Amino acid sequence: MNILPCSFYNRPTLTVARELLGKRLVRVEDNIRVAGIIVETEAYVGEGDLACHAKAGKTPRTRIMYGEAGKAYVYFNYGLHWMLNAVTEREGFPAAVLILAIRPVEGLEIIASRRGKQPKAKWTDGPAKLAQALSIDKSFNGVDLCTRENDLWIERGESIENKRVIMGPRVGLYSVPEPWKSKPWRFWVK
DNA sequence: AGCACGATTAACT
DNA sequence: GTTAATCGTGCTC
């Protein structure tokens, strides 16, 4: 079985964010695989991280992040967009890894049908773009990513050497105070 | 019940 | 570089 087990996610969030690079995000629609290699992630770590939604504590929205590692946390933003996260760390500690970008490798026709108005390089190079390309919305909030049952999981993929990995500040955190705004908790493949 | 704002995107100039 | 699109969430009254 190539699917990453829940134990993969039940570790420090920064470690999971780094190791998700090169893994294969898989979505199954009508028995057709739509998938891509993860090339960019960000870590959101606990109530103390003022960039993390869990800064507001346990609410209906953040409830999933307090649950078991290996669940999907999907939320709606800017009144338009869905974002996919993987919940990390032990139950009770709210943390997750946001999947920011993938490189499409399977189901290219389906992706093109949803993203074809844009050039290929921009099909899945943002969190809301890949959610649209893989048809991920609120119905996936809270689903288990560690099984084949929910038509959404993450598999082993490519090995990414450290020298190909760049770390930098997370994006889009306009009103987040320092030092959280500048924490180098974004990881991407060169 | 009302309000300000957001882990973005695409289409502008 | 700037900006509209668009609504759920969490906070205040």
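Keep in mind that what you see is a predicted model, and the values were worked out from it rather than measured. Chain naming here is simple, since letters A, B, ... match the order of the sequence lines and numbering starts at 1 in each.
Asp30(A) meets the side-chain hydrogen bond (donor to acceptor under 3.5 Å, both in side chains) test with no other residue; sequence neighbours excluded.
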- [ ] Encode nucleotides 4-13 of chain B as B, S and - characters from 5' to 3', where the letter depends on protein heavy atoms closer than 4.0 Å: B to the base, S only to sugar-phosphate, - to neither.
- [x] --BBBSSS--

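The only option from Leu20(A), Leu14(A), Ile166(A) that meets the side-chain contact (heavy atoms from CB on, under 4.5 Å) definition with Phe187(A) turns out to be Leu14(A).
At a threshold of 4.0 Å, the pair Glu158(A)-Arg103(A) counts as salt-bridged, since one of the basic side-chain nitrogens sits closer than that to a carboxylate oxygen. Salt bridge Arg33(A)/Glu106(A): present, at least one basic N to carboxylate O contact under 4.0 Å. Arg164(A) and Glu161(A) are not joined by a salt bridge, as no carboxylate oxygen comes within less than 4.0 angstrom of a charged side-chain nitrogen. Of the charged side-chain nitrogens involved, none lies within less than 4.0 Å of a carboxylate oxygen, so that Lys129(A) and Glu40(A) do not count as a salt-bridged pair.
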Open item on the list: Dot-bracket, 5' to 3', for DNA chain C please: Watson-Crick or G-U pairs under 3.5 Å, [ ] where pairs cross earlier ones, | where the partner sits on another strand, dots elsewhere.
Closed with: |||||.||||||.

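Taking the six-membered ring for Trp, Phe76(A) and Trp82(A) have ring centres closer than 6.0 Å.
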